[in-house]
Amino acid sequence: MGFLDDAKDAAETAGRKIKEAYEDTADRIGDKVDEVKADHEVKKAEAERESVKKKNEVNAELRGDND
């Protein structure tokens, strides 16, 4: 019975390691997705800021403001 017990333990260990590797990979992918989304939001906010800045500059020019 020792051989069968060893084989069973080895199979359980392998299964556990596979499950842990899968979970780690899923976490890494989720982290990368979050990072990409955050970068996109930052770029969007920066573009919006520049757009508002340009709009304000044009409006100031049209009003004849001297800044």
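Here CG of Asp6 is found 12.0 Å from NZ of Lys8. Values are rounded to the nearest 0.5 Å. Separation of atoms CD (Glu46) and NZ (Lys53) is listed at 12.0 Å; rounding is to 0.5 Å.
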Would you give me the side-chain donor-acceptor pairs under 3.5 Å for residues 10-27, sequence neighbours excluded?
{"unit_1": "Thr13", "atom_1": "OG1", "unit_2": "Asp9", "atom_2": "O", "d": "2.9"}
{"unit_1": "Thr25", "atom_1": "OG1", "unit_2": "Ala21", "atom_2": "O", "d": "2.9"}

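Between Glu35 and Lys32 there is a salt bridge, since at least one side-chain N of the basic residue sits less than 4.0 Å from a carboxylate O of the acidic one.
Around the CD atom of Glu48, the shell of radius 6.0 Å holds no more than 12 heavy atoms that belong to other residues, nucleotides or ligands.
Under a 4.5 Å side-chain heavy-atom cut-off, the cluster of Ile, Leu, Val, Met, Phe, Trp and Tyr residues that includes Leu62 is completed by Val58.
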